[in-house]
There are 2 protein chains.
Amino acid sequence: MTRKRRGIHLIAEMAQVSIGTVDRALHGRNGISHATRERILQIAREIGYTPNLAARALSAGKAGVRIGVCIPREIHFFYDQLWGGVLEEARRLEHMGVAFEFRPVRNLGEGDTEALRELIEDGVDGVILTAGNPDGLTPLVNEAEGRNIPVVCVSTDAPESLRSSIVCVEPRLNGQLAGELMGKFVPAGSKVAVVAGMLTAMDHLSKTEGFSVTFPKHCHGGQIVGVIEGHEDEDESFQKTFDLLGRVPDLAGLYVNTVNCLPVCRALGARQLAGRVKLITTDLFAEMATYFAKGTITASIYQQPHRQGQLAVRLLADNLTANQPFPPTVHLSPGVVMSSNLHLFREMRRSETKLPDVVRVASLATKV
Amino acid sequence: MTRKRRGIHLIAEMAQVSIGTVDRALHGRNGISHATRERILQIAREIGYTPNLAARALSAGKAGVRIGVCIPREIHFFYDQLWGGVLEEARRLEHMGVAFEFRPVRNLGEGDTEALRELIEDGVDGVILTAGNPDGLTPLVNEAEGRNIPVVCVSTDAPESLRSSIVCVEPRLNGQLAGELMGKFVPAGSKVAVVAGMLTAMDHLSKTEGFSVTFPKHCHGGQIVGVIEGHEDEDESFQKTFDLLGRVPDLAGLYVNTVNCLPVCRALGARQLAGRVKLITTDLFAEMATYFAKGTITASIYQQPHRQGQLAVRLLADNLTANQPFPPTVHLSPGVVMSSNLHLFREMRRSETKLPDVVRVASLATKV
DNA sequence: CTGAAAGCGCTAACAA
DNA sequence: TTGTTAGCGCTTTCAG
């Protein structure tokens with residue numbers, strides 16, 4: 001009895017030709033008559049043929065495609081989750097012959113042009129990039145795209161560049177959602193304030209704007225009585241918040257649009273206002289849990305870093321291996337973290353940290 | 001001249017053994033002396049051996065894993081998104097030689113035991129299942145697991161069975177999050193009510209309980225003044241809600257824990273209470289958009305159907321093809337939909353419906 | 001124009 | 001305890 005054939009062999013059997021001919025038809029190579037080619041393609045279509053990418057990669061010897069990754073290595077908070085998502089997806093794709101070249105930078109925007117340059121020189125087929133300083137990166141990104149190396153930005157965009165796609169939560173929307181929530185949390189006519197990192201950063205500015213526009217729409221007579229810049233400094237953030245709370249005793253809400261919310265929580269505690277002032281924060285990390293428990297933090301806007309990483313890799317791999325077109329933008333909806341669902345977020349699960357992966361990144365990165 | 005060997009062959013050559021022995025050493029299989037194993041592992045370490053995953057996938061994939069899928073086919077709302085997630089992931093895996101056998105049932109719990117039976121008889125290697133009627137399904141699921149066919153439940157659980165894993169948003173948590181939100185939305189001492197499908201359904205009961213327990217914790221003196229059962233009937237839901245709104249003129253909030261929220265929206269409209277009574281709904285579909293715009297719906301608890309489908313497939317495929325152990329449960333956090341982020345949900349994008357997939361399901365399903 | 005055959009690196013079944 | 005061998009599905013080269 002004839003064995004159960006698969007893929008190109010199956011087609012060959014059905015079309016009564018050899019696998020070589022099938023291959024020629026499938027790849028539009030020459031040395032095949034128009035008639036047989038059509039017949040083969042027809043059959044392929046009928047049985048819904050899809051090539052086995054693992055086999056292709058193996059045969060072709062080389063890894064099918066190589067993807068370069070340039071993301072900050074900062075160990076806490078957002079970026080380790082972003083890495084997690086990238087690595088998880090990378091591991092799966094390696095099964096299918098997609099290779100990865102990791103060039104982590106120490107901090108956002110720190111030496112990313114060099115890293116990107118190296119990746120391009122290195123001959124990768126596509127790049128995943130957090131564009132720390134968009135201005136410096138734009139010409140390089142354009143050069144890459146010019147060389148037909150697609151660049152997918154993740155989390156932080158280089159909007160002026162020719163990058164093929166961007167995966168992110170729009171900062172403005174972040175602020176809008178916070179504003180809408182805040183508007184529902186506090187009574188009409190409330191005074192609220194915003195704590196930003198620094199307003200010169202596009203990201204924080206957009207969030208602040210989104211909040212400022214949306215909050216009044218959902219809170220009749222609500223007003224924003226202040227915008228604090230904490231400059232990501234613990235003491236400065238604490239002090240400025242503390243002062244504000246003294247100055248505006250009837251403050252009803254605070255929106256912190258940087259990850260650095262702990263000083264604000266402490267300031268609220270120091271003023272005995274924890275729980276009384278509605279606090280909406282951004283992002284999520286383990287130390288925030290206690291403030292959720294105490295009711296200091298009412299909600300946090302979660303930017304899904306893991307998912308962002310995952311999606312960026314998928315997008316690029318799908319394009320490179322299957323010619324899938326890029327969506328110009330992939331804008332995720334931020335999640336809302338409250339005390340009920342807090343425990344479900346991976347940030348709250350210490351044990352789940354995947355050490356092997358981290359080690360691997362390091363070794364691959366230094367292998368250069 | 002000796003060709004340039006790679007991977008396991010290279011190690012074999014260096015250690016003066018056969019590739020079979022190397023394989024045994026690398027995989028900790030028995031039938032190999034301690035000495036040779038150590039020698040081989042040492043060499044592997046020295047040359048920094050990493051397995052070629054494509055080759056492994058290709059070789060191991062010879063088994064040709066088949067996954068059976070039994071999910072309701074209901075065309076609207078939740079399940080088409082669930083299908084979307086399943087199909088998206090299935091398409092990727094088919095590249096790697098994983099096959100799928102689709103046995104959609106018309107509605108949740110309708111003929112699912114027969115479908116599952118067929119899948120088992122059919123010799124699939126694993127099953128993805130929405131357990132519509134857990135009681136009837138449990139023995140079958142146990143039988144499958146007994147035959148070493150893992151069953152992954154998705155969205156609806158068969159908790160008493162031996163299913164390998166469950167991917168879902170816990171109904172209770174759904175209610176809790178709604179309760180917490182509602183507690184923050186309405187002032188202290190508020191009266192709120194719940195609209196359920198029917199309280200005999202575990203799902204709706206758990207949601208109602210979760211809400212009832214959590215709401216008072218976040219709203220001082222808040223009370224639940226009523227629980228309506230709409231039985232998924234448009235008229236009944238409308239009428240009962242309409243009556244309740246008349247009976248309790250100072251009602252501050254309504255939580256609808258079934259997908260069937262339109263009648264409630266209409267009742268609120270009829271009473272001129274749209275926007276005045278805070279309405280929290282469940283799930284998401286296109287027709288809800290207008291009620292978000294009008295402010296009738298304050299927020300909706302989104303159960304991430306697409307992601308659930310995706311995750312269920314991944315879990316099962318990872319186990320079948322790479323022996324990854326099952327997490328006993330995968331509990332997702334529900335999303336919060338408000339007017340700011342509404343447009344980002346795929347349910348709101350009509351155009352994105354993937355017709356080809358649907359067609360394909362149908363053909364595969366009827367191919368039997 | 002078409003067929004046959006040799007691998008890609010790994011797994012697993014069977015010999016020795 | 002170890003070696004040998006037959007594929008996995010695809011690409012590629014060399015004959016016909």
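Given the structure is predicted, the values throughout are model-derived calculations rather than measurements. Labels below follow one simple rule: chain letters A, B, ... track the order of the sequence lines, proteins then strands, and each chain is numbered from 1. Values reported hereafter were calculated over all heavy atoms of this structure, with side chains retained and with hydrogens, waters and symmetry mates removed.
- A side-chain donor-acceptor contact under 3.5 Å links B:W83 to the backbone of B:P72.
- Base engagement by B:G20 is indicated by at least one non-hydrogen atom pair under 4.0 Å involving a base atom.
- Under the salt bridge (charged side-chain N to carboxylate O under 4.0 Å, His left out) criterion, the residue pairs touching residues 25-42 of chain B are B:D23-B:R29, with sequence neighbours excluded.
- Inter-residue side-chain proximity for A:L82 and A:T130 is flagged as met; some heavy-atom pair is nearer than 4.5 Å.
- Within residues 36-51 of chain A, the residues having any heavy atom under 4.0 Å from DNA chain C are, by residue number, A:T36.
- Among the nucleotides C:dG3, D:dG9, D:dT5, the one closest to the side chain of B:I19 is D:dT5.
- A distance of 8.0 Å separates CD1 of A:I47 from CD1 of A:I43, quoted to the nearest 0.5 Å.
- Put simply, NE2 on B:H9 is 12 Å from P on D:dT4, counting in whole angstrom units.
- Interface residues of residues 22-31 of chain B facing DNA chain D, ordered by number: B:R24, B:G31; criterion, heavy-atom separation under 4.0 Å.
- Note on B:R92 versus B:E88: no salt bridge recorded, every NZ/NE/NH1/NH2 to OD/OE distance being 4.0 Å or above.
- Following rounding to the nearest Å, A:I32 (CD1) and C:dT2 (P) show an atom-to-atom distance of 6 Å.
- B:S33 has no side-chain polar atom (N or O) that falls below the 4.0 Å cut-off from OP1 or OP2 of D:dT1.
- Between the CZ atom of B:R6 and the P atom of C:dG9 there is a distance of 6 Å, given to the nearest Å.
- With hydrogens and angles ignored, the 3.5 Å screen pairs a side-chain donor or acceptor of B:S165 with a backbone N or O of B:P327.
- Taking only side-chain atoms of B:S59, from C-beta outward, the nucleotide of D:dT11, D:dG7, C:dG3 with the closest atom is D:dG7.
- Dashed line: the shortest gap from a side-chain N or O of B:S18 to OP1 or OP2 of D:dT4 is not under 4.0 Å.
- The pair B:R103-B:E114 fails the salt-bridge criterion, with no side-chain N (NZ, NE, NH1 or NH2) lying under 4.0 Å from an Asp/Glu carboxylate O.
- The existence of a salt bridge linking A:R163 and A:E143 is excluded, since no basic side-chain nitrogen approaches an acidic carboxylate oxygen closer than 4.0 Å.
- When side chains are defined from C-beta on, A:T21 counts as touching A:I32, because their heavy atoms get closer than 4.5 Å.
- Distance A:E13 CD to C:dG3 C1': 16 Å, rounded to the nearest Å.
- Remark: P of C:dG9 and CG of A:L58 are 7 Å apart, rounded to the nearest angstrom.
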